Each structure stands twice: as C-alpha cells, then as structure tokens.
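This one's a predicted model, so the numbers in the text were calculated from it and none came from an experiment.
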Amino acid sequence: MTSQLLLPPNPFTRPVSAKVFLTGDWCAPVGSGVASGIAGTTGGADVVAVADDDLTLKRKSNQATRVSNGFSLRAKAALRSNHSSSVEIPNQWYNLTADLSVKPPPPLHPKTLEPIKPEDLSHLFPNELIKQEATLERFIDIPEEVLEIYKLWRPTPLIRAKRLEKLLQTPARIYFKYEGSSPAGSHKPNTAVPQAYYNAKEGVKNVVTETGAGQWGSSLAFASSLFGLDCEVWQVANSYHQKPYRRLMMQTWGAKVHPSPSDLTEAGRKILESDPSSPGSLGIAISEAVEVAARNEDTKYCLGSVLNHVLLHQTVIGEECIKQMEDFGETPDVIIGCTGGGSNFAGLSFPFIREKIKGNISPVIRAVEPSACPSLTKGVYAYDFGDTAGLTPLMKMHTLGHDFIPDPIHAGGLRYHGMAPLISHVYEQGFMEAISIPQIECFQGAIEFARAEGIIPAPEPTHAIAATIREALRCKETGEAKVILMAMCGHGHFDLSSYDKYLKGELVDLSFSEDKIRESLSKVPHVV
C-alpha cells in the first residue's frame with residue numbers, strides 16, 4: 001500500500017515515502033505492532049516512521065501547548081495546524097498603532113525635517129510595504145501565498161518549561177514561545193517571507209539587506225529563493241567572522257554575502273579609512289545596503305527589524321500565543337523578551353498590549369537588552385538616523401547615537417544603536433519596562449536552560465532567559481506562583497563558538513563607555 005506523510009498539504013514540500021507517528025498526545029491503535037517502535041505514548045521518541053503499514057492515528061487529547069517532558073515540537077505543530085480544534089495560523093497581522101490613543105511621532109525627511117511622504121520611500125520599498133508602514137488599520141490580511149509558506153513551520157509551539165522550574169525550585173510557571181522551528185531557525189522568516197512576496201509581486205528583481213548574527217540575512221535568503229529574487233547581504237564584520245555557518249546558510253539559499261564595512265560602497269570605504277579593523281555594526285551595514293538600493297532601479301531594500309511593517313508581520317507570534325495560553329488555561333503575569341531592534345519582542349508582546357489596553361489582562365511586559373548596547377535603558381528618546389551614514393529618514397526612537405559602534409558581544413543581533421520607534425513610543429507611554437543584563441549572566445542562564453529543556457538558545461534570547469530566571473528566583477523567595485511567558489526567538493546551533501568561549505572561561509562582560517555614548521549622542525540631529 002502506498003505510504004504517505006501525514007502532514008498538512010503544502011506546495012513547497014516534497015513527497016516522502018513514510019508515515020509519521022507522533023508520541024505525546026497521539027498514539028497508534030492498540031495491537032498495531034507499532035507500540036514497540038515508540039518509546040511510550042505520552043513521551044519518549046518524537047517521531048516514528050513506518051514504511052509499509054497503513055495505520056490510522058488516534059487522537060488521545062487536544063493539547064495545543066505542550067509540557068516539555070518528551071513531547072514532539074515541530075512535526076506535531078505542523079500536523080496540529082490541520083486539526084479543527086487546535087490553534088491555527090492567524091490570517092491577519094495586528095497593528096498596535098490603531099489601538100494607541102496617542103499616536104507615535106512620524107518619521108521625518110532628513111533634509112526638510114517634514115513628515116516623510118510615501119514617494120520619499122519608493123526607491124527603497126515596494127508600495128504595499130510603504131502602505132503598511134503608515135497604516136492605521138487594526139488588522140491586515142495575510143496573503144494566501146504567504147500563509148502557505150508559513151505552514152512550513154507555523155504555528156510554533158508554546159512550551160511549559162517544567163524541568164527548568166524544577167531546577168530553579170520555583171513556584172512560578174514558565175512558558176516559552178519557541179520560534180526556532182522555522183527553516184532559518186529563528187523568528188525572522190515571519191517578515192522575510194512577506195517582504196520577498198511583495199517585492200516579487202511588484203516585479204522587483206534584486207533585494208539587499210544587512211544582517212548582524214545572520215538570522216535575518218539567512219531568512220531573507222531563504223524567502224528570496226522561494227520567489228526567484230536575487231539577494232545580497234552585508235553582514236556585520238564581527239559576526240561574519242564569528243559565525244561562518246550563518247554565511248554558508250545564506251550562500252546555500254543563493255545569496256551573496258559581504259562583510260561590513262566593505263570597500264564596495266562609499267559608506268563602507270569611509271568607515272574603513274578611519275578604522276581598518278572596524279568590527280562593524282548594524283548601522284553601518286544598513287548604510288551599505290541602502291546605498292546600493294538607492295543607486296539601482298531594479299533593487300529594493302529589506303529591513304529585518306525596527307520599522308512598523310516588520311513589527312506588524314511578527315505579530316503572528318503573539319496572536320498564536322494568546323490562543324495557546326487560553327487553551328492552557330493560563331494568563332501571563334510577566335512577559336519577557338530580548339530587544340535589539342525589537343521585532344521579536346514586538347511580535348510577542350503587541351497583541352498582549354492590545355489586551356492590556358482593553359483591560360482584559362495586566363501583565364508586566366519587560367524588554368531585556370545587552371548591557372553593552374542599552375538603547376532603552378541608557379539612550380535618549382530623540383529623532384535620529386536608522387543608519388550610520390545618515391541615509392535613512394529620521395525616526396523618533398531611543399538611541400545611543402547613529403554612529404555608536406557597540407563592543408563585539410556575541411549577541412550580534414542585538415548590536416543596534418536604536419530601538420524600533422513603535423517600541424520606543426510604547427515604552428514612553430508606560431506600557432512596558434526595560435532592563436539590561438551582561439552577557440556572562442546570559443550564557444549562564446542559557447546553559448541551565450539547555451541542560452534542563454534540551455534547546456540550545458541563540459545568544460540573543462539568552463537575555464530573556466536570564467531575566468526569566470531572575471523573575472523565577474524572586475518568586476521562589478516570595479512564594480508567588482506567577483505565570484512567566486518568555487520569547488524564545490531562535491536556536492543557537494550556529495553560535496556554538498560563543499558557547500565554546502563561555503565554557504572555556506574566555507567570555508568577558510563588555511559594557512558601554514559613558515564617554516563613547518556622550519560623544520555619539522552629541523551627533524544626534526537637533527530636531528525641534
């Protein structure tokens with residue numbers, strides 16, 4: 001009998017010659033002969049493939065969220081998406097701006113200092129993304145073509161970290177929303193896919209971008225390969241050399257990758273003239289990519305964080321998570337996520353902020369940033385450029401100054417001088433709080449998390465893990481049984497050199513220099 005893969009139909013997957021049987025809340029029929037090949041029906045092995053038998057899976061129970069005691073992750077999440085009573089992929093993105101009584105300040109033209117007009121952005125972005133950047137609509141429909149690709153990994157699992165709770169001996173209940181099951185291993189494809197889609201739909205041939213640790217660059221390379229776009233990436237030099245396998249991922253998906261600063265652009269050459277050994281920064285890499293897009297009519301620029309349309313696309317995370325928490329019968333008391341440019345944090349928190357505005361819930365929402373690049377906790381709220389060379393519009397955000405180059409911490413995706421304007425505005429309005437944590441404490445927490453939960457986190461979400469452990473230990477002291485929800489934005493399989501340094505005792509804490517920040521802030525444009 002012909003065997004088949006019992007997963008949701010998807011035009012982007014290839015047929016395989018085996019059925020998949022899942023443990024956890026799925027089991028094979030009694031007497032089927034399969035039980036001996038499965039390590040228990042409530043835990044143990046995640047997937048058993050049977051090539052010959054045509055067996056029927058029986059549903060034991062519907063559990064959209066899982067306890068981390070041996071249950072499967074990605075395969076079961078994919079199978080679950082076709083079950084009528086389980087959490088489904090949202091069909092709309094959520095725009096927080098629509099629910100804010102005080103709207104965020106508009107971006108300004110860098111020469112006129114007047115609010116930016118759509119035509120001012122047309123050389124960088126396709127029309128649909130420009131509309132999304134400024135829209136006041138509450139919900140935006142997700143195109144069917146994008147949803148079909150989302151099905152490769154969405155919905156993503158919400159997992160209760162019972163083993164971590166036990167390790168910490170805390171009464172708190174810890175949940176994490178895991179985005180590492182995407183093809184690129186992080187949350188970044190949530191926006192890379194729609195950005196590639198809209199560019200391809202409008203006839204764009206080439207896209208350019210920047211990347212720090214490489215999660216965004218690899219995600220855009222992946223998405224570009226699906227829509228037939230040429231992709232060129234400027235990767236922050238420090239991460240380019242630290243994380244060669246991220247570069248290889250991008251190249252495998254067909255992208256060209258350059259270390260930044262490079263000698264291919266005027267912005268890069270200027271930096272190299274002043275500092276030939278510059279470790280680079282996201283601000284510099286943005287300048288290089290924007291410069292290339294601006295001088296080539298067939299090329300558009302894609303950004304992996306910061307801008308409103310990017311944060312909009314990421315809200316699929318929080319929309320799924322709200323339903324998953326409801327299915328688990330829980331309401332979060334504390335929501336924690338790491339912040340660099342802010343897209344992952346916004347993706348999880350913005351739908352919950354909507355519910356907070358409505359008065360339905362009242363969680364503490366906490367952003368965690370690296371001590372070496374603390375834009376929210378040490379920056380100023382002012383209009384500044386999004387890039388080092390001053391090629392972008394001026395945006396009202398928390399900034400350390402557009403020419404601030406952070407020390408080369410291992411969380412490369414968080415080395416950005418500014419915070420997303422919408423997150424900055426929400427922070428100013430009092431809907432959230434922020435802290436900073438040094439990297440050694442973050443890696444300590446990451447090791448505890450990995451040994452308890454089995455997932456090796458990327459360096460970026462280690463900041464959220466460290467803050468979650470702090471909160472859980474406070475609950476241990478006070479006896480409070482708080483529900484803690486954490487954003488776990490990706491795995492660290494390509495960041496093991498960072499873990500190697502930590503395990504060898506070679507990792508050091510890097511902190512910002514007050515003098516360096518003062519000098520950088522002195523160059524922030526004065527906008528009245």
Practice problem: Using atom types as modelled and distance alone, determine if a side-chain donor or acceptor of S278 lies under 3.5 Å from a backbone N or O of D275. | Solution: no
Self-check item: Expected output: side-chain T265 to main-chain G268 donor-acceptor under 3.5 Å
Solution: yes
Quiz item: Is any NZ, NE, NH1 or NH2 atom of the basic residue among E148 and K151 found under 4.0 Å from an Asp or Glu carboxylate oxygen of the other?
Solution: yes
Self-check item: Pair N190-H313, side-chain donor/acceptor within less than 3.5 Å
Solution: no
Quiz item: Does K205 offer a backbone N or O that forms a donor-acceptor pair with the side chain of D298 under 3.5 Å?
Solution: no
Practice problem: Report the distance from atom CG of D263 to atom CD1 of I271, rounding to the nearest 0.5 Å. | Solution: 13.5 Å
Quiz item: Has Y381 got more than 12 heavy atoms of other residues, nucleotides or ligands less than 6.0 Å from its OH?
Solution: yes
Quiz item: Does a side-chain N-to-carboxylate-O contact under 4.0 Å join R366 and E433?
Solution: yes
Quiz prompt | Axial cation check for F125 ring with K300, 6.0 Å and 45° limits | solution = no
Self-check item: Identified side-chain contact (heavy atoms from CB on, under 4.5 Å) counterpart of H309 within the set E128, K131, E133
Solution: E133
Quiz prompt | Verdict with supporting geometry, S260 and E210, side-chain hydrogen bond (donor to acceptor under 3.5 Å, both in side chains) | solution = CA-CA 9 Å; S260 174; E210 78 297 323; over 6 Å; no
Quiz item: Just how far is it from atom CD1 of I284 to atom NE2 of H402, taken to the nearest 0.5 Å?
Solution: 11.0 Å
Quiz item: Is I423 close to L311 at the side-chain level, that is, under 4.5 Å between some pair of heavy atoms?
Solution: yes
Self-check item: Sub-4.5 Å side-chain heavy-atom contact between S186 and S219
Solution: yes
Exercise. Applying salt bridge (charged side-chain N to carboxylate O under 4.0 Å, His left out), name anything that partners E179, two or more places apart in sequence or on another chain.
Key: R154
Self-check item: S498 backbone acceptor or donor facing D495 side chain under 3.5 Å
Solution: no
Quiz item: Considering only heavy atoms from C-beta outward, does the side chain of H425 approach that of L100 to under 4.5 Å?
Solution: yes
Exercise. Go through the steps to decide whether H491 and I456 satisfy the test side-chain contact (heavy atoms from CB on, under 4.5 Å), and finish with yes or no.
Key: CA-CA 6 Å; H491 67 65; I456 299 174; 6.0 Å; no
Quiz prompt | Atom NZ of K103 with >12 non-hydrogen neighbours under 6.0 angstrom | solution = yes
Exercise. List the steps, then state whether side-chain hydrogen bond (donor to acceptor under 3.5 Å, both in side chains) holds for S343 with H187.
Key: CA-CA 9 Å; S343 67; H187 65 293; 3.2 Å; yes
Quiz item: Between the main-chain N or O of F385 and the side-chain N or O of H417, is there a donor-acceptor pair closer than 3.5 Å?
Solution: yes
Quiz item: If only atom types and distance count, is the side chain of T191 paired as donor or acceptor with the main-chain N or O of K188 below 3.5 Å?
Solution: no
Self-check item: Test log, rule salt bridge (charged side-chain N to carboxylate O under 4.0 Å, His left out), inputs K323 and E319
Solution: CA-CA 7 Å; K323 295 178 181 178; E319 293 291 2; over 6 Å; no
Practice problem: Give the ring-plane orientation class for Y502 versus F443, where under 30° counts as parallel, over 60° as perpendicular and anything between as tilted. | Solution: parallel
Self-check item: Salt-bridge present (E288, K270; N to O < 4.0 Å)
Solution: no
Quiz item: Is R269 salt-bridged to E273, cutoff N-O under 4.0 Å?
Solution: no
Practice problem: Name all residues meeting the side chain to side chain donor-acceptor pair (under 3.5 Å) criterion together with E428; count only those two or more places apart in sequence or in a different chain, and write none if there are none. | Solution: H398
Quiz item: Of the options V316, I142, D141, which is the one that meets L147 in a side-chain contact (heavy atoms from CB on, under 4.5 Å)?
Solution: I142
Quiz item: Does the ring centre of F350 sit less than 6.0 Å away from the ring centre of F345?
Solution: no
Quiz item: Hey, are T377 and E369 close enough side-chain-wise for a donor-acceptor pair under 3.5 Å?
Solution: yes
Self-check item: With sequence neighbours excluded, residues passing side chain to side chain donor-acceptor pair (under 3.5 Å) with T252
Solution: none
Exercise. Assess the side chains of W216 and T209: does a donor N or O sit below 3.5 Å from an acceptor N or O?
Key: yes
Quiz item: Checking D120 side chain against I116 main chain: does a donor-acceptor pair fall under 3.5 Å?
Solution: no
Quiz item: CD of Q92: more than 12 outside heavy atoms within 6.0 angstrom?
Solution: yes
Self-check item: Atom pair NE2 (H463) and CD1 (I336), whose distance is rounded to the nearest 0.5 Å
Solution: 13.5 Å
Self-check item: Y198 and Q132: CA distance, side-chain angles, deciding distance, side-chain contact (heavy atoms from CB on, under 4.5 Å) verdict
Solution: CA-CA 11 Å; Y198 289 122; Q132 291 179 9; 3.1 Å; yes
Exercise. May I have the step-by-step check of side-chain contact (heavy atoms from CB on, under 4.5 Å) for Y178 and E453, ending in yes or no?
Key: CA-CA 12 Å; Y178 183 51; E453 296 300 320; over 6 Å; no
Practice problem: Answer yes or no: is there a donor N or O on one side and an acceptor on the other, between the side chain of Q235 and the main chain of H258, under 3.5 Å? | Solution: no
Quiz prompt | Student check: side-chain heavy atoms of M419 and T399 closer than 4.5 Å | solution = no
Quiz prompt | Cationic N near anionic O, under 4.0 Å, D99 to R138 | solution = yes
Quiz item: Does A98 offer a backbone N or O that forms a donor-acceptor pair with the side chain of E137 under 3.5 Å?
Solution: no
Quiz prompt | Residues E291 and Y301: side-chain donor-acceptor under 3.5 angstrom | solution = no
Quiz item: Hey, are the side chains of V380 and L521 touching, using non-hydrogen atoms and a 4.5 Å cut-off?
Solution: yes
Quiz prompt | Test item: S224 side-chain N/O and A221 main-chain N/O as donor-acceptor pair under 3.5 Å | solution = no
Quiz item: When you look at CD of E119, are more than 12 heavy atoms from neighbouring residues, nucleotides or ligands closer to it than 6.0 Å?
Solution: yes
Quiz item: Taking atom types as modelled and ignoring hydrogens, do the side chains of S520 and D403 form a donor-acceptor contact shorter than 3.5 angstrom?
Solution: yes
Practice problem: Go through the steps to decide whether Y383 and L108 satisfy the test side-chain contact (heavy atoms from CB on, under 4.5 Å), and finish with yes or no. | Solution: CA-CA 8 Å; Y383 273 103; L108 304 179; 3.5 Å; yes
Quiz item: Given the rule in the side-chain hydrogen bond (donor to acceptor under 3.5 Å, both in side chains) test, do W253 and S218 qualify, once you have shown the distances and angles that lead to the verdict?
Solution: CA-CA 8 Å; W253 278 314; S218 56; over 6 Å; no
Quiz prompt | Heavy-atom side-chain proximity of S349 to I353 below 4.5 angstrom | solution = yes
Practice problem: Taking the side chain as every heavy atom from C-beta outward, state whether I149 and F227 have any pair of such atoms under 4.5 Å apart. | Solution: yes
Quiz item: What is the ring orientation for W153 with Y150, classed by angle as parallel under 30°, tilted 30 to 60°, or perpendicular over 60°?
Solution: perpendicular
Exercise. Would you give the length of the straight line joining atom CG of L507 to atom CD1 of I440, rounded to the nearest 0.5 angstrom?
Key: 5.5 Å
Exercise. For T156 and K177, run side-chain hydrogen bond (donor to acceptor under 3.5 Å, both in side chains): C-alpha distance rounded to whole Å, both residues' side-chain angles, the deciding distance at 0.1 Å, then the answer.
Key: CA-CA 7 Å; T156 57; K177 178 67 166 165; 3.0 Å; yes
Quiz item: Under a 4.5 Å cut-off applied to non-hydrogen side-chain atoms, are L485 and L348 in contact?
Solution: yes
